[in-house]
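Small disclaimer: the values here were computed from a predicted structure and weren't measured. Whatever order the structure lists them in is the order used to number ligands and atoms, beginning at 1.
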Amino acid sequence: MSIADAGTEALREHVAAQLRRARDRSVVLTDAVDDDDLVRQHSKLMSPLVWDLAHIGNQEELWLVRDVGGHEPVREDIDNLYDAFQHPRADRPALPLLNPAEARGYVREVRDKVFDVLERSPLEGRRLETGGFAFGMIVQHEQQHDETMLATHQLRSGAPVLHSPAPPPGRALPAAEVLVPAGPFTMGTSIEAWALDNERPAHDVHVDAFFIDTAPVTNAAWAYRVKADLTAPRFWVRDGTGFLRNRFGHVEPLAPDEPVVHVCFHEALAYATWAGRRLPTEAEWEKAARFDPSTGRSRRFPWGDEDPGVEQANLGQRHLSPAPVGAYPAGASPLGVHQLIGDVWEWVDTDFHGYPGFEAFPYREYSEVFFGGDYKMLRGGSFGTDPAACRSTFRNWDHPIRRQIFAGFRCARDAGPEELA
Ligand SMILES: [Fe+2]
């Protein structure tokens, strides 16, 4: 069931719980290091952690305190500093940013006002408030920055500060690939209350028959390829003739049956080509994830319409790595494709465009200004993605050279006529 169907008070409680959960995670990620590490730039690709924190508060102030709540600004003077379009990441450390204590105080002050706004919002009427959309957008924004901060942690040097239990063990899958039948399916959504503009509207897409791997490409498969001439993924560390990996400061043996992570789009494409295969398109990925051949309907998630639980997917930073292949049998799609949600973002071979009938909401800068740029799509979320910011319709995009994100891939291939009998 979608949260929009649950009644206004249930929705209000849901929003409050999601806001708290996002903030708990932001606190874990920023309290784990000292002030020096908070203001330092750990990579030119990333903001200082303290920028992300105050930016989270600033977006929350803009949308929920000022717009939804109609209140006076809390800190209008810092809007420019925390506008991502004004300052590229590399320039942010030189800005006169709030220091860690000020940033923490600021996000707390904003949040207190937001709980007040939430109490008064009818959660209907205005489109921005209907179904709690603006609150959902801000929850997802904070969770997305939490994943970005997690990527900054992976780039940070020094002793490990983040720890987690290992993911559940893997299991052999019954097949290495499955056939996705030809025909139309419903891509995107018009009914998911917190879906962002680029996931809308729902529309029919015809997809030719194709085969898709039941699991993402593993470390073992990649290591085999590295012996020839492919580059090791980022954060692999040469150890004699083999490799170790650095995972948030823990240097350890590669887990052979875990999905490979920290590869860029070009590397994923090169691997697939070498293997005599290709990457799926975005429509193919979504059909494999959502299409139920018994009803012809597209599901919210591979396993059905219920939100992700711990049995279905490796999401939400519960584990600080992808889970081995076969670890989530309860999360498989009707066609038998595993681990589409969680573990690693999956590169797909599609550029970023709006769906037919796209309408920018609530502002062009969310998605539209990125259409047609130098981006490839990523689908399904990673171990570092929160369930609130992940669905089978969710679309992420990044530059095809990026490797610091928690991205892997799976392969696909065309189905020949002789295979369709
Ligand atoms: Fe942002």
Side-chain angles (χ1 to χ4, degrees), residues 18-19 21-23 25-30 38-39 41-68 73-76 78-93 95 97-98 100 103-104 106-107 110-111 114 128 133-155 194-199 317 345 352 360-371 373 375 377-378 381-382 384-386 388-390 394-399 402 404-407:
Q18 295 284 345
L19 284 167
R21 225 159 47 76
R23 185 52 45 86
R25 185 178 177 197
S26 303
V27 167
V28 164
L29 288 162
T30 49
L38 284 176
V39 302
Q41 188 167 45
H42 298 278
S43 156
K44 289 253 181 276
L45 297 171
M46 312 305 280
S47 314
L49 292 165
V50 76
W51 185 92
D52 285 291
L53 181 63
H55 166 81
I56 285 168
N58 186 244
Q59 286 289 305
E60 188 167 323
E61 182 192 342
L62 289 172
W63 288 103
L64 299 184
V65 177
R66 294 189 211 168
D67 196 324
V68 174
V74 181
R75 287 290 305 262
E76 206 167 19
I78 61 171
D79 286 355
N80 177 279
L81 288 177
Y82 296 103
D83 181 342
F85 287 92
Q86 296 299 324
H87 310 283
R89 285 179 177 176
D91 298 349
R92 292 175 190 167
L95 299 171
L97 302 177
L98 301 187
R104 288 180 171 119
Y106 171 60
V107 300
V110 169
R111 180 53 60 88
V114 162
L128 198 57
F133 176 81
F135 295 93
M137 179 178 75
I138 287 301
V139 164
Q140 292 177 77
H141 179 257
E142 180 158 359
Q143 291 285 7
Q144 285 156 4
H145 274 273
D146 288 343
E147 181 166 356
T148 301
M149 289 199 277
L150 189 64
T152 304
H153 271 272
Q154 174 65 47
L155 287 155
W194 289 7
L196 299 157
D197 61 1
N198 62 52
E199 299 168 66
Q317 204 182 309
W345 286 104
F352 194 20
F361 181 78
Y363 62 133
R364 284 191 69 241
E365 284 71 22
Y366 188 81
S367 307
E368 193 176 3
V369 296
F370 300 99
F371 291 169
Y375 303 104
M377 306 310 290
L378 295 138
S382 78
T385 307
D386 189 83
C390 190
F394 191 91
R395 309 173 74 197
N396 185 10
W397 66 95
D398 212 328
H399 295 290
R402 289 286 187 255
Q404 88 281 6
I405 53 178
F406 305 115

Could you label the plane-to-plane angle of the Tyr375 and Trp397 rings as parallel, tilted or perpendicular, counting under 30° as parallel and over 60° as perpendicular? perpendicular

Please examine the side chains of Asp79 and Leu62, heavy atoms only from C-beta on, and report whether any two atoms are closer than 4.5 Å. yes

Taking Phe133 as the fixed residue, which of Val68, Ile138, Leu196 is the one that meets the side-chain contact (heavy atoms from CB on, under 4.5 Å) rule? Leu196

Close side-chain approach of Asp146 to Asp386, heavy-atom, < 4.5 Å: no

salt_bridge(Arg395, Glu199) N-O dist < 4.0 Å: no

Residue and atom, protein N/O/S, under 2.8 Å of the Fe ion (ligand 1): His55 NE2, His141 NE2, His145 NE2

How are the rings of Phe352 and Phe371 set to each other: parallel, tilted or perpendicular (split at 30° and 60°)? perpendicular

